Chemist: 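The structure's right below; bear with me while I get my questions together.
Predicted, not measured: the structure shown is a model, and the values here were computed from it.
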Amino acid sequence: TRFNSASCLFRCILLSIRELIFSGIIPSARSGRNLPRLTLLLTIHIPVHMIISNSDRFNNTDIPQKLSIYLMTTNALLNLCGYIFIVLLYRHSIQTIFNRKIPTLQRDKNGCILAEPHPAIKSFNTHLSMLRPLEILFRFITAPLRVLPDVIVLGETRCGTTNLCGHLVSVAEASSSSSPRSGEINGERMRHIKCYTPFCPWAFPELDHKESFYFVGHYLGIVDPYFYRMAFPLKITRWWEERVLGNIFFCFDGCAQYLTSPSAPYLIASAYQNENSGSGEYIPPSLVACVRDPVDQAVSWWKYENNACSWGESMGLTEWNTTLRSNDYPPKSIGDALNFSQSSFIRNAYADAELLAKKLTTQQTSSKPFFYRIKRLPNWSITWPGGQLSTIGRSGKYSENVNRYNNVFNSFKRKPRSGFVHIVSIENQSRGRLLKAELHPIFADCMARSAHRGSNQTNCTNLMTSIDFAIDRMCAEDNFNTSRRRNSGRSLANSELEPSSFDIEELTKYFDSKLPDK
């Protein structure tokens with residue numbers, strides 16, 4: 001009956017609200033998310049405002065009431081904007097990152113809505129506890145006032161990008177804690193190194209302070225090169241560190257998905273083409289590619305991504321977005337994933353995404369409204385065309401991926417050079433002497449950018465003296481074991497997906513056949 005249907009719907013709404021408040025807003029506020037905190041503050045502010053308005057103590061002045069109204073209105077607007085934006089981010093994340101469809105209301109055999117919380121509430125609460133919608137909006141608004149990173153760790157996935165980014169931070173920490181007492185070494189004044197990590201939309205330990213996810217479309221598909229700087233410090237911060245404090249300033253981005261991405265090279269190169277440097281010359285960032293045995297990389301990525309799939313299922317995301325990713329996704333085995341990555345569907349999707357990126361970087365400003373003028377990637381090309389597991393077999397072709405970056409950056413630079421990408425083996429990251437040799441040229445490129453952007457620290461040799469001292473300290477045997485490694489591999493949650501010996505043999509044969517790319 002209609003009464004029963006309305007009653008079930010009403011109970012579903014009440015249970016969903018209760019689930020949202022007690023399993024979403026309150027725990028998220030406790031974990032430090034600003035939007036839920038503002039929501040709780042608003043619920044407290046409303047009765048406080050009523051008390052202020054009815055109090056005899058403030059009869060002689062209306063300033064407290066007006067101030068309370070202004071604060072409450074501002075908070076309400078921030079809540080409105082924040083929740084609208086986080087709903088859009090949630091929808092985008094479920095469809096393109098988790099590759100699922102948003103759960104819908106469940107009905108019984110008679111077609112009545114089940115009297116239970118909406119199935120999407122559980123996954124929404126998870127996103128509420130991790131996403132930073134207000135911070136994202138603020139950073140896009142202030143993007144013109146921010147800088148571009150000096151180092152970009154391009155990937156590859158499961159090749160030690162998190163570890164290398166930890167080493168970059170450790171170098172800065174070593175300079176602050178281990179400077180000579182005299183403040184000089186070899187007659188040169190020692191400078192402290194200040195490393196600024198990127199903003200991450202996800203408050204997740206393995207990702208936070210490491211990668212921005214900008215050029216793989218996590219911000220509703222926005223990949224406009226101009227707004228890339230939204231994830232990095234303010235220009236005045238760099239000015240203060242370099243000009244006032246005399247420190248060595250650098251910031252980095254460490255997104256492991258960039259190296260295999262067909263669109264990222266063009267977008268990154270375009271961002272730096274428009275950078276306003278003091279000399280007017282195109283100065284690229286220090287690009288870094290982490291590598292390891294391609295078979296080990298493929299197996300590690302297969303396990304990592306399937307564990308992510310299991311995590312999605314635990315949130316109630318059960319239906320795959322086959323409309324976006326095809327009926328072959330996700331592959332049932334690592335062998336199927338290898339075949340999927342070489343299929344005509346994926347080859348065409350990667351080629352189309354690369355062509356799209358070329359058009360975006362040459363696209364002229366149109367007369368459309370602001371949001372529609374921002375350069376965005378379509379959902380099918382996020383985060384990789386065909387989904388994360390489409391990279392099995394592609395991500396291990398390091399030479400091909402690195403050469404694509406070298407070719408793209410050479411096409412943007414007036415004076416071509418042999419290579420722009422520093423290659424760091426995962427094995428070298430655990431050996432102090434070898435790591436020192438890997439880090440020196442990375443920081444040398446940073447100092448070249450510092451000189452060309454017109455800072456007062458134009459003597460790269462002097463700056464490298466301070467950096468080399470910090471690297472030596474960080475790589476010393478007594479300190480090196482404390483280097484952070486936050487994203488180590490885990491066993492598969494579903495043991496049935498464990499690669500077989502036949503799968504490993506097929507992967508080995510595949511990469512052996514691509515030996516020049518290995």
Side-chain angles (χ1 to χ4, degrees), residues 35 81-99 127 130-149 152 154 198-204 207-208 210-234 251 253-258 260-275 285 321 324 349 352-385 387-388:
L35 178 58
C81 294
Y83 280 106
I84 290 175
F85 191 46
I86 200 172
V87 167
L88 295 174
L89 289 170
Y90 165 76
R91 178 175 176 270
H92 180 76
S93 169
I94 297 299
Q95 293 177 341
T96 62
I97 300 172
F98 285 92
N99 306 307
H127 282 71
M130 293 193 301
L131 284 170
R132 296 164 165 149
L134 294 177
E135 293 88 334
I136 293 173
L137 290 173
F138 172 75
R139 283 178 167 271
F140 269 102
I141 293 171
T142 58
L145 306 176
R146 299 181 178 274
V147 303
L148 288 172
I152 303 180
L154 304 169
F199 169 79
C200 181
W202 305 95
F204 196 76
L207 311 175
D208 209 4
K210 177 220 169 185
E211 48 194 315
S212 68
F213 290 103
Y214 184 80
F215 286 121
V216 290
H218 281 213
Y219 304 87
L220 301 183
I222 296 174
V223 291
D224 196 307
Y226 178 77
F227 288 99
Y228 179 41
R229 58 188 70 225
M230 58 80 63
F232 305 101
L234 294 166
C251 56
D253 189 10
C255 189
Q257 302 181 24
Y258 287 168
T260 312
S261 169
S263 53
Y266 300 92
L267 298 169
I268 295 173
S270 179
Y272 286 85
Q273 183 186 35
N274 301 322
E275 185 181 27
N321 192 355
L324 190 67
D352 291 343
E354 185 171 359
L355 181 61
L356 175 63
K358 291 179 182 179
K359 291 181 179 179
L360 285 176
T361 55
T362 57
Q363 176 180 308
Q364 299 297 320
T365 302
S366 67
S367 59
K368 293 181 179 180
F370 179 71
F371 178 75
Y372 296 98
R373 192 165 67 238
I374 294 178
K375 296 172 182 177
R376 302 172 68 238
L377 288 177
N379 285 351
W380 61 264
S381 63
I382 302 169
T383 56
W384 284 291
Q388 287 87 333

Chemist: Hey, could you give me the CG/CZ distance between L207 and F213, rounded to the nearest 0.5 Å?
Modeler: 4.5 Å
Chemist: Step by step, would you call L89 with L220 a side-chain contact (heavy atoms from CB on, under 4.5 Å)?
Modeler: CA-CA 6 Å; L89 289 170; L220 301 183; 3.9 Å; yes
Chemist: As an exercise, state the distance from CD of Q388 to OG1 of T260, rounded to the nearest 0.5 Å.
Modeler: 12.0 Å
Chemist: Quick check: do Y266 and P225 have side-chain heavy atoms less than 4.5 Å from each other?
Modeler: no
Chemist: Looking at every heavy atom in both A271 and L148, which two are closest together, and how far apart are they?
Modeler: O-CD1, 3.5 Å
Chemist: Are T361 and L267 close enough that some pair of their side-chain heavy atoms sits under 4.5 Å apart?
Modeler: yes
Chemist: Got a sec: does the CZ of F138 have more than 12 other heavy atoms crowding it under 6.0 Å?
Modeler: no
Chemist: Do the non-hydrogen side-chain atoms of D352 and P385 ever get within less than 4.5 Å of each other?
Modeler: no
Chemist: If you look at every heavy atom in P149 and Y272, which pair is closest and at what distance?
Modeler: O-OH, 2.5 Å
Chemist: I want to check something: taking the side chain as every heavy atom from C-beta on, are N321 and F98 in contact at a cut-off of under 4.5 Å?
Modeler: no
Chemist: Answer whether the closest heavy-atom distance between the side chains of V223 and I382 falls below 4.5 Å.
Modeler: no
Chemist: Can you give me the closest heavy-atom contact between P133 and F85, atom names plus distance?
Modeler: O-CD2, 3.5 Å
Chemist: Where the side chain of H218 meets the backbone of C200, is there a donor-acceptor pair that is under 3.5 Å apart?
Modeler: no
Chemist: How are the rings of Y219 and Y214 set to each other: parallel, tilted or perpendicular (split at 30° and 60°)?
Modeler: tilted
Chemist: Taking the side chain as every heavy atom from C-beta outward, state whether V87 and Y90 have any pair of such atoms under 4.5 Å apart.
Modeler: no
Chemist: Measure the spacing between CZ of F199 and CD of E211 and express it to the nearest 0.5 Å.
Modeler: 13.0 Å
Chemist: Kindly say whether A231 contributes a backbone atom to a donor-acceptor pair with the side chain of R146 at under 3.5 angstrom?
Modeler: no
Chemist: Measure the spacing between OG of S93 and CG of L131 and express it to the nearest 0.5 Å.
Modeler: 6.5 Å
Chemist: Checking the side chain of S261 only, and the main-chain atoms of Q257 only, is there a donor and an acceptor separated by less than 3.5 Å?
Modeler: no
Chemist: How many angstroms lie between OH in Y258 and CD1 in I268, if you round to the nearest 0.5 Å?
Modeler: 6.0 Å
Chemist: Ignoring hydrogens, what is the shortest heavy-atom contact between G82 and L134? Give both atom names and the distance.
Modeler: CA-CD2, 3.8 Å
Chemist: Could you tell me the separation between the CD1 atom of I97 and the NE2 atom of H127, rounded to the nearest 0.5 Å?
Modeler: 6.5 Å
Chemist: Do L360 and S263 have side chains that approach each other closer than 4.5 Å (heavy atoms only, starting at C-beta)?
Modeler: no
Chemist: Go through the side-chain N and O atoms of Y228 and D253 and say whether any donor and acceptor fall under 3.5 Å apart.
Modeler: yes
